[in-house]
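In what follows, a structure is listed as structure tokens, so that the remarks can point back to it.
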Amino acid sequence: MKLFDSTPREKSPLRWLILILCCISTFGDYYCFDSIGAVHDHLQSQFSFLGENFEYYYNLLYSVYSIVNIFIPFIGGTLIEVFGNKNMFLAFGIVIVIGQFIVYLGCKYDSIYTMLVGRVIFGLGGENLNVSQMACVVEWFYKSENSFPMGLTLTISRVGSFVNDVLSPRFAGETRDEDGYLNATNAFKWGLYFSIFSLINIIIMVILDHYKSKELRNRIISLNNNEIEGVGINNNNSIINLVKKLNLIFWVLSLLILTAYGCLMPFNYMAVGFFTNNYNISKNLAGTLMGTPFLMGAIFVPLLGAFVDKYGYRAEMVLCSGFFLLSSFILFSIMNPYIPLMLLGFGYSIFACVLWPAISIAVVNKNIIGFAYGVATCLQNISMSINPMIIAEILVTYKSYFYCLVFLGIISLVTILLSGYLYYINKVYYKKILKNNYFKIVIFYLEK
């Protein structure tokens, strides 16, 4: 049943080529973003002159990225409405390349402050690129079928993370300079290459999208006018009015994104140090283990996406993902890392394939999809900016990763509680209150 769907680009076969290019467009972004964590020990050696303050600066390399993105995706979603998704997609890709180049220069010349500046610039494009990518998927695919394509974009993106986790420690190498220090510069140089590769794919995708848009422009305008009243910036809607159009389910979904990523990503940032210190393994093996949840996501996200597109059960699956996250953080403190990493991978695979596609279902009006994803991304980055600094404070104060796991376990518990609330309002409240057939189909549960 497609009553809540907006018509995509005539279900053009071109959409599958657009999807492939769209997937690859964020490969370099994710590779570069996670390169910091993969060479933690190399950076600690190279910047040993920072002393005990290293952990603060190291986590700050992640936090400045996320602090910028508390506000920028909100603006980015608005810019997409004003200047169009294709133009902003390309602009964000260029910004990522510039930011990564500055990070590379900072590492090459042992300047932590230059690296911080580069991460800020990188952050200006990073999350906004994800917003553009999601808006592009929604534009080309029905809402009822976008869990698979959106899951596939997340998969290829996270393949970038996994490839980084495996290759970056090897690119950095184990060779020490004449003073006996490791150096991470080569890892960031390869990150620059991958970001350029993704930019080339964005350029090709934008050209193809522009060609199809020109061909179908009159038809799309006609369909949009018939389906639903536009709410874009050009319709004199203020940001406050746009926010008011976002419903309760959207806000609960956004909070779940905040908590789920708020425990997974900070763990990923500290993973190499955690594995090398707690399990006494090599840096290369630690980097590979670090990428295990993302490798599992690459395998399971598209499969789970196809499942929920056909059968639903989104709310129940999100609830399960919270229990997987909590279980993994408990087990890390009492056993070898392999089973907990698998549980973490299952938890990530579930919420990655459900939460982001569900945003487009919860938001009825397709004209504010880009804005809605911008708001959700802003909330996500609140936890991703604050939590790494809390982890750094715990490590400096207690000199133990155990208390970090406790902190992340508490956040995963909040995820479970929010998931239960989502299940409640979806199963009980909305099914009792919303009597209109159109809104019954729009609600989050979607049995089929």
Side-chain angles (χ1 to χ4, degrees), residues 33-70 112 115-116 119 123 161 165 255 257-281 283 286-287 289-293 322 324-337 340-341 343-344 347-348 379-418:
F33 174 79
D34 289 314
S35 60
I36 301 292
V39 292
H40 170 276
D41 290 358
H42 292 81
L43 290 172
Q44 189 173 36
S45 176
Q46 182 177 350
F47 291 92
S48 58
F49 56 85
L50 296 175
E52 290 190 354
N53 290 326
F54 168 77
E55 288 296 338
Y56 288 111
Y57 282 103
Y58 167 77
N59 283 280
L60 195 58
L61 288 169
Y62 280 111
S63 289
V64 293
Y65 174 98
S66 297
I67 289 171
V68 169
N69 283 291
I70 294 175
I112 191 67
M115 291 185 70
L116 288 170
R119 290 290 283 186
S161 296
D165 295 338
L255 288 175
I257 289 172
L258 181 151
T259 58
Y261 281 92
C263 58
L264 172 70
M265 298 310 296
F267 175 79
N268 189 61
Y269 305 159
M270 72 175 195
V272 169
F274 172 67
F275 292 139
T276 55
N277 284 277
N278 282 37
Y279 299 101
N280 194 28
I281 60 179
K283 297 178 182 63
L289 290 177
M290 174 185 173
T292 299
F324 279 129
L325 293 174
L326 179 60
S327 300
S328 66
F329 294 127
I330 293 174
L331 293 177
F332 270 125
S333 60
I334 60 177
M335 65 188 304
N336 68 61
L341 276 173
L343 293 175
L344 197 64
Y348 164 71
L379 293 177
Q380 174 196 10
N381 280 281
I382 291 176
S383 61
M384 289 174 61
S385 61
I386 296 174
N387 292 357
M389 300 311 297
I390 296 176
I391 294 292
E393 180 64 30
I394 292 173
L395 287 175
V396 171
T397 303
Y398 296 101
K399 304 293 191 299
S400 171
Y401 284 97
F402 172 77
Y403 297 103
C404 298
L405 296 176
V406 172
F407 171 67
L408 297 176
I410 292 172
I411 299 174
S412 62
L413 181 60
V414 175
T415 302
I416 293 173
L417 296 176
L418 282 171

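What you are looking at is a predicted structure, and each value in this text was computed from that prediction instead of being measured.
- A distance of 11.5 Å separates SG in Cys263 from CG in Leu405, rounded to the nearest 0.5 Å.
- The minimum heavy-atom distance linking Glu55 with Leu395 is given by the pair OE1-CD1, 4.1 Å.
- Judged by distance alone, the side chain of Ser327 and the main-chain N or O of Phe324 form no donor-acceptor pair under 3.5 Å.
- A distance of 15.5 Å separates OG of Ser333 from OH of Tyr401, quoted to the nearest 0.5 Å.
- A distance of 8.5 Å separates CG of Leu258 from CD1 of Ile386, quoted to the nearest 0.5 Å.
- The side-chain hydrogen bond (donor to acceptor under 3.5 Å, both in side chains) contacts involving residues 264-280 comprise Asp34-Asn268, where partners must be two or more places apart or lie in separate chains.
- With values rounded to the nearest 0.5 angstrom, Thr415 atom OG1 is found 12.0 Å from Ile410 atom CD1.
- Pro337 approaches Leu289 most closely through the heavy-atom pair CG-CD1, 4.3 Å.
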What do the steps show when you test Tyr58 against Tyr56 for ring pair (Phe, Tyr, Trp, His ring centres under 6.0 Å), and what is the final call? CA-CA 5 Å; Tyr58 167 77; Tyr56 288 111; over 10 Å; no

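- When side chains are defined from C-beta on, Leu408 counts as touching Met270, because their heavy atoms get closer than 4.5 Å.
- Listed here is the closest heavy atom pair of Ser412 and Leu325: CB-CB, 3.9 Å.
- Checked against side chain to side chain contact (heavy atoms under 4.5 Å, CB included), Val414 has the following partners two or more places apart in sequence or in another chain: Thr259, Leu418.
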May I have the step-by-step check of side chain to side chain contact (heavy atoms under 4.5 Å, CB included) for Leu379 and Ile257, ending in yes or no? CA-CA 8 Å; Leu379 293 177; Ile257 289 172; over 6 Å; no

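- Nearest heavy atom pair, residue Asn387 against residue Gly262, reads ND2-O, 2.6 Å.
- Taking the side chain as every heavy atom from C-beta outward, Met265 and Tyr348 never approach each other to under 4.5 Å.
- Within the 6.0 Å centre-distance limit, the rings of Tyr65 and Phe33 are counted as a close aromatic pair.
- Here Ser45 pairs with Arg176, Tyr181, Leu182 under the side chain to side chain contact (heavy atoms under 4.5 Å, CB included) rule; sequence neighbours left out.
- In this structure, Leu43 CG and Ser35 OG are separated by 8.5 Å, a value rounded to the nearest 0.5 Å.
- Closest heavy-atom contact between Ile330 and Ile334: O-CG1, 3.9 Å.
- By the 4.5 Å heavy-atom criterion applied to side chains, Glu393 and Ile390 are not counted as neighbours.
- Taking each heavy atom of Ser383 and Pro388 in turn, the nearest pair found is O-CD, 3.8 Å.
- Between Phe332 and Phe267, a ring centre-to-centre spacing shorter than 6.0 Å is recorded.
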Leu116 vs Arg119, side chain to side chain contact (heavy atoms under 4.5 Å, CB included): CA-CA, chis, key distance, verdict: CA-CA 5 Å; Leu116 288 170; Arg119 290 290 283 186; 5.6 Å; no

Side chain to side chain contact (heavy atoms under 4.5 Å, CB included) for Phe329 and Leu344? Distances and angles first, verdict last. CA-CA 8 Å; Phe329 294 127; Leu344 197 64; 3.9 Å; yes

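- With values rounded to the nearest 0.5 angstrom, Ile416 atom CD1 is found 12.5 Å from Ile411 atom CD1.
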Check the pair Met384, Tyr261 against side chain to side chain contact (heavy atoms under 4.5 Å, CB included), reporting the backbone distance first and the verdict last. CA-CA 7 Å; Met384 289 174 61; Tyr261 281 92; 4.2 Å; yes

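- Within the 4.5 Å cutoff, side-chain heavy atoms of Pro293 are placed close to those of Leu341.
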